[in-house]
Amino acid sequence: MSEAARHRLPGDGVPAAIIERMLRVDHAGEFGATRIYAGQLDVLERRRAGAKIRRMAEAEERHLMAFETLLRDRRVRPTLLHPLWSVAGYALGAVTALLGERAAMACTVAVEDVIDDHYRAQAERLADQDRALMDTMLAFRADEIAHREAALAHGAEQTPGYELLTAAIRAGSRIAIWLSTRF
Ligand SMILES: [Fe+2]
Ligand SMILES: [Fe+2]
């Protein structure tokens, strides 16, 4: 039994409305990820980083499809902010790619830092209540961690202004999560 589950009283499960919010925000996040990589690929497709970014984009596509299915099966509406994440995600991807391959990789490091924490916290909260969903989150979290490692290996930290850039993107990602949970 997980730590979170041990501290929970009997009959004290995560309310259905909270699980709906989890699915909504995760779907929004994975959609945003596909848009970030779409923006990066439009700029960097034929560069050295192109193949690596393409592989990450394919993983995000799989993550998105899984949440599409979960939303449909559990009758959860997507976030109202979908159009905003389409534009903001693409812009973030394209702008960081225009700054260079390493800045594009720094963007991945920053986003995956936030998503790593996010999925871990969600999985802990779900614990044994919804094992299938928890396993999905943990599997995707492992993919996101691999993306961060790949981005670091590609020299993310060597981009000028790395600390400032990643701090700004982390802050933006947290705001996006906050908004997508509520709207
Ligand atoms: Fe993902
Ligand atoms: Fe990822």
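For ligands, and for the atoms within them, numbers begin at 1 and follow the listed sequence. The analysis underlying the following values was restricted to heavy atoms, covering all of them including side chains, and did not include hydrogens, waters or symmetry mates.
- In this structure, Tyr119 and Phe67 have parallel ring planes: the angle between them is below the 30° cut-off, well short of the 60° mark.
- Aromatic ring orientation, His82 versus His27: parallel (interplanar angle below 30°, classes split at 30° and 60°).
- For the Fe ion (ligand 1), protein N/O/S neighbours under 2.8 Å (waters excluded) are Glu30 OE1, Glu30 OE2, Glu60 OE1, His63 ND1, Glu144 OE2.
- For the salt bridge (Lys or Arg N to Asp or Glu O under 4.0 Å) condition, the pairs that include at least one residue of residues 73-86, sequence neighbours left out, are Arg74-Asp130.
- Looking at Glu112, its N, O or S atom nearest to the Fe ion (ligand 2) turns out to be OE2.
- Smallest separation of non-hydrogen atoms from Thr159 and Ala106: CG2-CB, 3.8 Å.
- Of all heavy-atom pairs between Tyr90 and Asp42, the closest is OH-OD2, 2.6 Å.
- Of all the heavy atoms in Val25 and Ile177, the pair that sits closest is CG2-O, 3.5 Å.
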